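Every value quoted in this text rests on a predicted model; they were computed, and no experiment measured them.
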Amino acid sequence: MSSELSVDVDQPGIIAFRENCGRIFAGNIESVFSYYEEHLNHDGGSPLLRMQIGRLVEESRAKQYDLIKAVGVSFFRSEKQKEFWVDSGLMILQKEKSFWDVINQSRDKKKKLKIEPIKSHWDREQLIAALSQSRYYSYSNWSNLWFSLLRIAPNDERVLEVAKKWLYSQVSGDSAPSGARDVLCAVIDLSHFSAAYDDSLYEFLSDIVSSHHIFSDELRVPFRILRKILDFIGDRAQFMEHAELIYNLIAESFYFGDQLEAMLDMLIQAIRYANIPIDSRIMNTSLLYRLEAYAINPAIVARLRELRKLLPPPNN
C-alpha cells in the first residue's frame, strides 16, 4: 500500500488503524471491508480490533455483541469487569438501535406528510415561508403566488432571494417549469434596479446564455432583458470571454434592425476593451459575410465595416 494517501472534498474519508503486526493500515471504507473479510472475520486477529472494525463495516448487532464478549474474555480477568464491559457494550448497541428507530420513524412520517396548499390570501410572512421551502417548488402555480407576494412586498429583499433560489433549483439542462420566463424577467428587472447581482446569479445567467437555454420556448426573454443580462455578464466576465459569448449569440441567432445593431455594438466594445489578440479559430470575419445579406441599415453596415478591422480572417 502507498505511504501517501489523499482525499478530495466531498469524497469518502481515509480510515487508519494499527494492525496486529504493528504496521499502520490506511485506506478508504472499501479497502477496510476487504481487510476485514481477509484478516479479521472468522475469529482472526485481535478481538479489540475486530470489534472496532466490525462497527465500521456495520456487522449485525448479534455479531457485534459476540465481538464485545470476546474482548471482555481477552482483556479482563475479573468476572465483574467482564460483566460490566458486556453490559455496557449491550447498552450502547441498544441505544444505537433506539436512536436509528427514532430517525427512521421520523423519515417515514415526513414522507407521509401531505403538503398544505398555499393560499393566495396568506400574508407576506406566510408566503415567504412557504415559497422558500423546496417541497413547494414543484407547485403548479408557484410563479403566480410569487407575483402575488411581489405585489404585497415589492421592496422586501427576501422576495427577490426566494425567486432566485427557485430559478436555480428548477431551471436546469434544457427544461424549465411554467412561469419561469416571467419570474426570470422580474428577477433581472429587480436585480438591475437594486444592483442586487451576485456570484450565484452570474453563474446561473452565464450558464443559460452560453448553453442557449435562454432561447428555449420556456425561457425566451424580450431583447431588453437579454441586453441587461449580457451587460451584467460583461461586468463580471473577462472581456474576451464576453466578446466570444456575444459573437456566438449573433452567429446562432438571427437578429434584425435595432437588435442586431445593439449586439454588434456590444461585440465591438468587448473586443476593444479586451485589447488582446483574437483567436481566429473562435472569432473571425466569416460571420460578417453572413450578416452582410441583412445589412440594409447604414448603421449596421458601418458596424460591420468596423468589425472587419477588428476580427481576423478565418484560417484556411
Side-chain angles (χ1 to χ4, degrees), residues 9-10 99 102-237 245:
V9 176
D10 291 336
F99 173 80
V102 171
I103 293 293
N104 291 330
Q105 287 173 7
S106 176
R107 287 174 177 170
D108 292 340
K109 188 176 180 181
K110 285 182 179 179
K111 288 178 182 178
K112 294 175 184 177
L113 282 176
K114 291 184 178 179
I115 297 177
E116 181 185 359
I118 301 176
K119 304 295 193 302
S120 57
H121 63 266
W122 282 1
D123 63 23
R124 174 198 308 198
E125 296 304 322
Q126 288 175 310
L127 283 173
I128 289 177
L131 295 176
S132 298
Q133 298 180 47
S134 59
R135 61 177 176 157
Y136 284 111
Y137 281 174
S138 58
Y139 216 70
S140 60
N141 63 336
W142 191 99
S143 59
N144 293 334
L145 290 165
W146 181 81
F147 277 107
S148 297
L149 174 61
L150 181 61
R151 285 190 291 273
I152 295 171
N155 299 318
D156 192 324
E157 295 179 355
R158 295 175 298 171
V159 176
L160 176 59
E161 291 304 313
V162 166
K164 289 196 291 188
K165 289 179 180 177
W166 180 76
L167 287 171
Y168 302 159
S169 171
Q170 299 300 294
V171 178
S172 60
D174 57 355
S175 64
S178 173
R181 173 174 46 208
D182 294 335
V183 174
L184 176 60
C185 290
V187 164
I188 297 304
D189 280 334
L190 289 169
S191 299
H192 186 78
F193 177 77
S194 60
Y197 291 115
D198 54 36
D199 290 340
S200 297
L201 184 58
Y202 166 72
E203 291 176 6
F204 171 74
L205 294 176
S206 297
D207 181 60
I208 62 173
V209 172
S210 61
S211 66
H212 298 159
H213 192 186
I214 194 74
F215 301 112
S216 65
D217 292 338
E218 299 89 351
L219 284 184
R220 185 179 292 275
V221 297
F223 186 75
R224 68 171 188 85
I225 295 293
L226 178 63
R227 184 161 188 175
K228 286 181 180 179
I229 292 174
L230 293 176
D231 285 343
F232 167 56
I233 293 175
D235 289 340
R236 297 230 173 183
L245 178 63

S.K.: Once you round to the nearest 0.5 Å, how far does CG of Leu219 lie from CD1 of Ile208?
M.R.: 5.5 Å
S.K.: Using only atom types and a distance under 3.5 Å, with no angle test, would you say the side chain of Ser191 pairs donor to acceptor with the backbone of Val187?
M.R.: yes
S.K.: Write down the atom of Asp182, the atom of Phe147, and the distance for their closest heavy-atom approach.
M.R.: O-CZ, 3.4 Å
S.K.: Should the heavy atoms of other residues, nucleotides or ligands under 6.0 Å from CD of Glu157 be counted, would the total exceed 12?
M.R.: no
S.K.: Closer than 4.0 angstrom, basic N to acidic O: yes or no for Asp217 and Arg181?
M.R.: no
S.K.: So, for Ser178 and Ser143, which heavy atoms are closest and what is the spacing to 0.1 Å?
M.R.: O-OG, 3.9 Å
S.K.: Going by an N to O cut-off under 4.0 Å, is there a salt bridge joining Glu161 and Arg158?
M.R.: no
S.K.: Please check this pair: side chain of Tyr168 against backbone of Leu201, looking for a donor-acceptor N/O pair closer than 3.5 Å.
M.R.: yes
S.K.: Can you name the nearest heavy-atom pair linking Leu190 to Trp146, along with the distance?
M.R.: CD1-CH2, 4.1 Å
S.K.: Minimum heavy-atom separation for Val162 and Ser132, please, with both atom names.
M.R.: CG2-OG, 3.3 Å
S.K.: Once you measure the plane-to-plane angle for Trp142 and Trp166, does it fall in the parallel (<30°), tilted (30-60°) or perpendicular (>60°) bin?
M.R.: parallel
S.K.: My understanding is that only one of Val171, Leu230, Leu184 makes a side chain to side chain contact (heavy atoms under 4.5 Å, CB included) with Ile214; could you say which?
M.R.: Leu184
S.K.: Any donor and acceptor pair, going by atom type alone, linking the side chain of Ser148 with main-chain N or O of Asn144 inside 3.5 Å?
M.R.: yes
S.K.: Over all heavy atoms of both residues, which pair between Phe215 and Arg220 is shortest? Give the atoms and the distance, please.
M.R.: O-NH2, 2.7 Å
S.K.: Within this structure, what is the CG-CZ distance for the pair Leu150 and Arg124, rounded to the nearest 0.5 Å?
M.R.: 11.5 Å
